[in-house]
Amino acid sequence: MMHEPGRVYLSLKLAEQLFGKSLESLAPDERQRVHNVAARQQQIETLILGTPQAAAVLLPEASIDASLAEIRSRYGDDDEYHADLDRVGLDALSLRHAIARDMVVEAVLETVAAASVAISDTDAEIFWHLHRDRFRRAETRLLRHLLVTINERLPGNELQAARARIEAIRARLLKEPQRFSEQALKHSECPTAINGGLLGKVARGQLYPELDAVAFALGAATLSEVVESPLGYHLIYCEAIHPERRLSFAEARNTIREYLEGQQRSLCQKAWIRNLRRQSLVAKTS
């Protein structure tokens, strides 16, 4: 077990970021990767913390307190909290120091990134022209839904009774499909009933597979057959179809700018860190 607080804190963060797990639950190869990345990251952070930019950071104690409070809120009580800290080789003071160190590093990198080149609308539009196939909006369908559940212990919801009820509802809707919202409000056992069964604009893969296949085979203003799923019996009404299409530049502009600005910020930070490492090597060899 590593005992240097900064390395421990880094490893805990990386275990979650890289694998979505606690440090203790990592497989041996995952733990080794976290160890290697944490070692490299700690070297970089040590260089960053030795810069004039780091010395200029004024870290509000309230910010550290807020981060500590957020971590503490994950535990049921103080005993559980302190036992977990002890288990990974930390205590309240060393955790505070590790958090402060992490926040100073983040503040410095934010300052460095702020010097990155601004992205213009022209830059964004050029990117849109070069990568238009990346900016597609998938087909969606405006759907309404009605559910009758199956429950052998509930009178009227036994298998045959539930089927008969939904078939009767469907027969009424075939004559007057405009009544779907009303029928859903009266008869549906899904929470969407309160909104007339409205599911909203739905893309492929968002519904149960049984419902998804039926919904995306319907034409506009079309009622489905009765569909059975693990929840019970369903009716689906497709109000409208919104075909897949490419996004216009106006629609994609903000997404593109955020993406390119993120790239520029990252490049700026990486270049600055490379320069720090180069200076460190020169200092060691001179």
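For the single chain, residues carry numbers from 1 onward in sequence order.
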May I ask you to establish whether Arg274 and Trp272 are in a cation-pi arrangement, using a distance under 6.0 Å from NZ or CZ to the six-membered ring centre and at most 45° from the ring axis? no
Under the side-chain contact (heavy atoms from CB on, under 4.5 Å) rule, collect the residues that match up with Ala168, sequence neighbours excluded. Arg172
With Glu210, which residues qualify under salt bridge (Lys or Arg N to Asp or Glu O under 4.0 Å), at least two apart? none
Do Asn195 and Thr192 pair up side chain to side chain, a donor and an acceptor below 3.5 Å, judged on atom types alone? no
Note: with side-chain heavy atoms under 4.5 Å as the link, the other cluster members for Leu130 come out as Ile126
Between Thr111 and Gln53, do the side chains contain an N or O donor and an N or O acceptor separated by less than 3.5 Å? no
Partner set under ring pair (Phe, Tyr, Trp, His ring centres under 6.0 Å) for Tyr75, not counting sequence neighbours: Tyr81
Pairs touching residues 32-53 that satisfy salt bridge (charged side-chain N to carboxylate O under 4.0 Å, His left out), sequence neighbours left out: Glu45-Arg101
If we count only N and O atoms by modelled type, under 3.5 Å, do the side chains of Glu258 and Asn254 hold a donor and an acceptor together? no
Taking only residues two or more places apart in sequence or in another chain, which ones pass salt bridge (Lys or Arg N to Asp or Glu O under 4.0 Å) with Lys186? Glu182
Enumerate the residue pairs fulfilling ring pair (Phe, Tyr, Trp, His ring centres under 6.0 Å) with a member in residues 41-66, sequence neighbours excluded, ordered by first and then second residue. none
Please identify each residue that fulfils ring pair (Phe, Tyr, Trp, His ring centres under 6.0 Å) with His131, with sequence neighbours left out. Phe127
Results of side-chain contact (heavy atoms from CB on, under 4.5 Å) for Ile44 - residues two or more places apart only: Ile48, Ile273, Arg277
Under a side-chain separation threshold of 4.5 Å, the hydrophobic residues clustered together with Tyr237 are Leu146, Val148, Ile150, Leu159, Ile166, Ile169, Leu173, Leu174, Phe180, Leu223, Val226, Tyr233, Leu235
Hydrophobic cluster partners of Leu93 (side-chain heavy atoms under 4.5 Å): none
A quick test of your reading: do over 12 heavy atoms of other residues, nucleotides or ligands sit less than 6.0 Å from CD of Gln160? no
Considering only residues two or more places apart or on different chains, which pairs with a residue in residues 234-244 satisfy salt bridge (charged side-chain N to carboxylate O under 4.0 Å, His left out)? Arg136-Glu244, Arg144-Glu239
